[in-house]
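As the structure is a prediction and not an experimental result, all values here were calculated from the model.
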Amino acid sequence: MKKSLYIAFTVVFFLVCLIPIVGLAVKGPSPAAANEPPVVKPKLKAYDGSWNMSYLTGWRDYVGKGFYLRLPCITAWDTLCAGLFHTSANDDVLIGPDNWLFFGAAANDISGNGQMTDREIFCCARSLYLMQEYAEGQGADFVFTVPCGKYTLYPAHAPRYVTVAEGSNRERLMTAMEEQGVRYADLYAAFSAVDEELYWQWDSHWNARGAALAADTILGALGIENGYFSGDFTAAQTHSGDLYAMLYPTGTALETDYTPEEPFTFSYTSNFHDSDDITITTEREGAEGTLLLFRDSSGRNLYPYLADRFGAAHISRLNNYRLDYIAEQGADTVIVELAERTLDYLLRFPAVYPAPERDAALLDGLQEVESELTADASGTTMADFMKLTGTLPETAADACVYLLAGDALYEAIPNEGSFTAWLPMDTDAGGIRVFAG
């Protein structure tokens, strides 16, 4: 009798273990979770006819991420870990007191392990100054803003083992921007002054009331008074948090979001699908001005407030800010919104605009440096301009970079160990000399 039970248990165990694989074969791969790309069955040959050297690895990923009932299994396991041990089985999500969820990757930056060098901070500030200078030269107002992460604003809800280090990249960049004269909308000061939690518990972003306060603060920095945040809102359980979806992909719990009782009156002029569109364009009858807004995911519920304030708006999720759009769109206002943990995007994705010309007298006392230059004139982003990049030896933390091309002197977008500049197409790249100081 006992032997029969062992045999029956073994058979049932192996049949249960076969369910994920059989289900995959019969029903196809499970849906992707949260921000994961869809699972694709690997092919033996690549599109060009060559052998796919990652074929076996592809099958590992296909089975590992596409097996039947994967998402319910993930949800069940994460629910068990959270309930019994108050910990997350997902490295991308951390659980704090009161079941607040936090993005795991941001913890490394906020604790001081992702500190930028002094040179990188200066380069970010100088890049923003050059962007502002170009925008103002085109007749447009410019403002930069940084949505603070949940760790910064609500440390009491963060996991106790995550510490917020002094002298964050945001704080250091603020100081550098003040020295450079960059117009900045301080969202940390605005949110800290409000006795209300304006970020979702299970999401890494602010809620609609937080977006309203951010819009008021940004517009206030431009001298435009608004009262979005002080308006009336309707509350409802409608929001599914991004962190919640990562941790519990089949979960159905919702949290409170808010809808302004005074509806927005702008209309879309682009082929709008959702708030994650790379490009969104709007217009509002009766309003004045044209906005060029560069934003990230925090702008999903921010842009409607801003779009409702301007006669026309061009809203972009491009990482390399196309300031040449100012003239193309006739923009008189430029807003750049960039999250605290991605400030290095200012270095990784240099903005696109013609390099500013400088007085040759600036070269007095500067040191010429060796540089390996690369000119890209094919498929260029801006017509009549080529993209010039170059290497830099170790330079002073606050050194600007200048390019002497014949009799013309240009300032480049600086980086640590490199630079970028957009120069007229007819520039002789082979005769350019590089100076730093």
Side-chain angles (χ1 to χ4, degrees), residues 94 96 100 102-132 142-159 162-194 197-200 203-206 210-211 213-222 293-300 302 319 321 334-351 397-398 413-416:
L94 302 183
W100 273 56
F102 292 80
F103 188 46
N108 185 62
D109 296 329
I110 210 68
S111 61
N113 295 325
Q115 288 277 7
M116 292 184 182
T117 66
D118 290 343
R119 172 67 180 167
E120 288 174 328
I121 290 293
F122 169 81
C123 291
C124 286
R126 189 63 184 175
S127 177
L128 288 167
Y129 168 80
L130 294 174
M131 291 168 62
Q132 176 176 281
F142 178 92
V143 66
F144 176 68
T145 194
V146 179
C148 299
K150 288 169 69 174
Y151 294 103
T152 301
L153 285 172
Y154 308 115
H157 291 297
V162 177
T163 57
V164 179
E166 295 292 332
S168 66
N169 291 330
R170 176 188 57 81
E171 293 169 321
R172 294 164 62 213
L173 181 58
M174 281 183 59
T175 300
M177 285 190 297
E178 289 175 5
E179 295 172 353
Q180 294 283 334
V182 177
R183 179 184 283 169
Y184 176 67
D186 191 349
L187 296 183
Y188 177 76
F191 278 68
S192 299
V194 175
E197 291 167 344
L198 298 174
Y199 278 54
W200 282 298
D203 197 294
S204 54
H205 303 92
W206 50 42
L213 178 60
D216 285 347
T217 305
I218 294 167
L219 293 171
L222 292 164
L293 168 65
F294 295 101
R295 55 92 179 192
D296 55 20
S297 58
S298 293
R300 289 172 184 153
L302 170 66
N319 290 327
Y321 306 131
V334 178
I335 299 172
V336 176
E337 172 266 312
L338 184 63
E340 185 174 15
R341 70 179 187 86
T342 56
L343 291 176
D344 64 329
Y345 279 23
L346 293 168
L347 306 176
R348 294 169 56 190
F349 306 101
D398 59 352
I413 302 170
N415 203 334
E416 186 167 39

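Taking CD of Q180 as the reference point, atom OH of Y129 lies at 7.5 Å (rounded to 0.5 Å). Note: L346 CG to F349 CZ = 10.5 Å, rounded to the nearest 0.5 Å. Distance SG/C123 to CG/L173: 11.5 Å, rounded to 0.5 Å. Residue I218 holds its CD1 atom at 10.5 Å from CZ of F144, rounded to the nearest 0.5 Å. With values rounded to the nearest 0.5 angstrom, E340 atom CD is found 10.5 Å from S298 atom OG. Note that the CG atom of N169 and the CE atom of M116 stand 5.0 Å from one another [nearest 0.5 Å].
For the pair R170 and Y188, the distance from NZ or CZ to the six-membered ring centre is under 6.0 Å and the angle to the ring normal is within 45 degrees. Figure legend: K150 and Y199 shown without cation-pi pairing, the cationic atom not lying both under 6.0 angstrom from the six-membered ring centre and within 45 degrees of its axis.
Nearest heavy-atom pair, C124 versus L343, reported as atom, atom and distance to 0.1 Å: SG-O, 3.8 Å. For the residue pair Y151 and A158, the shortest heavy atom distance occurs at CD2-CB, 3.9 Å. The nearest pair of heavy atoms linking T217 to D186 is CG2-O, 3.9 Å.
In this structure the side chain of T152 never reaches within 4.5 angstrom of the side chain of F191, judged on heavy atoms. The closest side-chain heavy-atom distance from R119 to P414 is below 4.5 Å. Residues Y321 and L338 form a side-chain contact, since some pair of their non-hydrogen atoms from C-beta on lies under 4.5 Å apart. Annotation: side chain of D398 is not in contact with side chain of D118 (no heavy-atom distance under 4.5 Å). Contact annotation: the side chain of T145 never approaches that of V336 to less than 4.5 Å [non-hydrogen atoms, C-beta and beyond]. Between V143 and Y184 the shortest side-chain heavy-atom distance does not fall below 4.5 Å. Looking at R183 and L222, their side chains come closer than 4.5 Å, going by heavy atoms from C-beta outward. Between P147 and H205, every side-chain heavy-atom pair lies at or beyond the 4.5 Å cut-off.
Distance alone, capped at 3.5 Å, is enough to place a donor-acceptor pair between the S168 side chain and the E171 backbone. Looking at Y154, its side chain does come within 3.5 Å of a backbone N or O of L198 through a donor-acceptor pair. Counting only distance, with no hydrogens or angles, the side chain of E337 and the backbone of L302 share no donor-acceptor pair below 3.5 Å. In this structure a side-chain-to-backbone donor-acceptor pair under 3.5 Å is missing from S192 to A189.
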